[in-house]
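One structure is given below, encoded as structure tokens.
Every chain is numbered from 1 and lettered A, B, ... according to where its sequence line falls, protein lines coming before strand lines.
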Number of protein chains: 2
Amino acid sequence: MGRWEPGARERLERAALELYVERGFEQATVAEITNRAGLTERTFFRHFADKREVLFSGQAEMLEICVNAIVGAPEAVAPLDAVAEALRAVSAPLEERRERSQRRQTVIAANAALQERELLKLASLASAVADALRRRGVTEPTASLCAEAGLAIFKVAYERWIGEPGGRTLADVIQDSLDHLKAATAG
Amino acid sequence: MGRWEPGARERLERAALELYVERGFEQATVAEITNRAGLTERTFFRHFADKREVLFSGQAEMLEICVNAIVGAPEAVAPLDAVAEALRAVSAPLEERRERSQRRQTVIAANAALQERELLKLASLASAVADALRRRGVTEPTASLCAEAGLAIFKVAYERWIGEPGGRTLADVIQDSLDHLKAATAG
DNA sequence: CACTGCGATGTCAGTCACTGTCATCACGTA
DNA sequence: TACGTGATGACAGTGACTGACATCGCAGTG
């Protein structure tokens, strides 16, 4: 445990998201975040590589879910369908925290530096997915293409899901995007 | 023209790429770059928003080429094929400077911050492409999906082209990747 | 040729993200 | 009680980036 109160990392994440929402990412300083969390700047940088990373702690979990879904899919499933299955698996935890996802996404949408970090996280996700596909025997360049295409589907679907009034499920929007992509590439 | 020698921007770009190759992106300071270019730090930041941007000046040109290719494509051409045409149009100027592209890509591959910037540039490219498709009458989510799929094709093809001994043309690799994607989504 | 407006550069001080280093504290264990 | 371990605090330092103002070169104008 920590020196005084436990859960330092979680407190930092909460304080950071709050401040980023209140005053914007650039206007919030790390000193303010750590003050609100009752810690020092140095401790912030022990938990997070930089000021942006504090918004992306869930990434490791998403990556694990994705890879497991692909590795665990039946042999007969086609590469792109295995990727779609992984996306559906990932959508579940996001679905549960729609409110939080929306607040987070609003912050990210307002700042280019945060968009960069999100794109890097998604790219590393695609890289891991391509790896998992290769372990299923899928050859290049099909593995990378399916991974990147899945990423494209997810990006489009996630954006639509966040922006929509709230009727459809994220999994539904993903399926819809997949169908549209298949139709567009059928020509 | 500038205060003394003309071409300040170009001198900064050259000096930066040289230093990034010699000692790596993080180890090179802006002060060193501007010393080599015979300018001051302040001038560097007047020409480029940050230390990374100096490697991405060709982006605006690529974007224009892309959009023009799509807008100029015949009405009958399917969305994804219009995107493929745009990618081929973009590949021409890259083809001519293969050596430079390789050096640049080596620097970028060695540093996460530069990869982030590249991903952001590619994302803005995709966004512009989706815009151009919409102006052709393509509806959502097809426009965004085709743009993102085209981005996926380009990423995979470019990486392969840079890494290959040098036999195939970038345009060839792009066509090959497009075929593979169509095959993978046909299931 | 002198004058003047403008754009690009130089100068300087300042903020803030991020790092290295060492001291300090809480907690478990012998 | 003594000790080891891990997380935190304290502090100095580097470097990216910014704002404000002075300065210089070049064009046009008279």
Checklist entry - Can a salt bridge be assigned to the pair B:D131 and B:R134 using a cut-off of 4.0 Å between side-chain N and carboxylate O? => result yes
Item to check | Separation of atom CZ in A:R46 from atom C1' in D:dG9, rounded to whole Å | outcome: 8 Å
Checklist entry - Below 4.0 angstrom from OP1 or OP2 of C:dA17, is there any side-chain N or O of A:T29? => result no
Item to check | Side-chain touch A:H47/A:E13, heavy atoms, less than 4.5 angstrom | outcome: no
Checklist outcome for this item: B:F48 CZ to D:dT18 P, in whole Å, measures 14 Å
Item to check | B:D50 and B:E53: CA distance, side-chain angles, deciding distance, side chain to side chain contact (heavy atoms under 4.5 Å, CB included) verdict | outcome: CA-CA 5 Å; B:D50 57 51; B:E53 197 67 17; 3.8 Å; yes
Next on the checklist: Once you apply a heavy-atom cut-off of 4.0 Å, does B:A28 come out as touching a base, just sugar-phosphate, or nothing?
Outcome noted: sugar-phosphate
Item to check | Any side-chain heavy-atom pair of B:F45 and B:V30 under 4.5 Å | outcome: yes
Checklist entry - Between D:dA16 atom P and B:Y20 atom OH, what is the distance in whole Å? => result 8 Å
Checklist entry - Counting side-chain heavy atoms from C-beta on, which of D:dA20, C:dT9, D:dG9 comes nearest to B:R42? => result D:dA20
Checklist entry - Considering only side-chain heavy atoms of A:E41, which listed nucleotide, D:dA16, C:dT11, C:dC18, is closest? => result C:dC18
Checklist entry - What is the ring orientation for A:F48 with A:F44, classed by angle as parallel under 30°, tilted 30 to 60°, or perpendicular over 60°? => result tilted
Item to check | Side-chain N or O of A:H47 closer than 4.0 Å to phosphate OP1/OP2 of D:dT8 | outcome: yes
Item to check | Nucleotide D:dA16, atom C1' - distance to NZ of B:K51 in whole Å | outcome: 8 Å
Checklist entry - For B:R11 and C:dA8, what is the distance between atoms CZ and P respectively, to the nearest whole Å? => result 15 Å
Checklist entry - Given atom CZ of A:F44 and atom P of C:dA17, what is their separation to the nearest angstrom? => result 9 Å
Checklist entry - Between B:D50 (CG) and D:dG15 (P), how many Å, whole number? => result 17 Å
Checklist entry - Among the nucleotides D:dG9, D:dA16, D:dA20, which one has an atom lying closest to any side-chain atom of A:T40? => result D:dG9
Checklist entry - Can you tell me how far P of C:dA17 sits from CG of A:L19, to the nearest Å? => result 12 Å
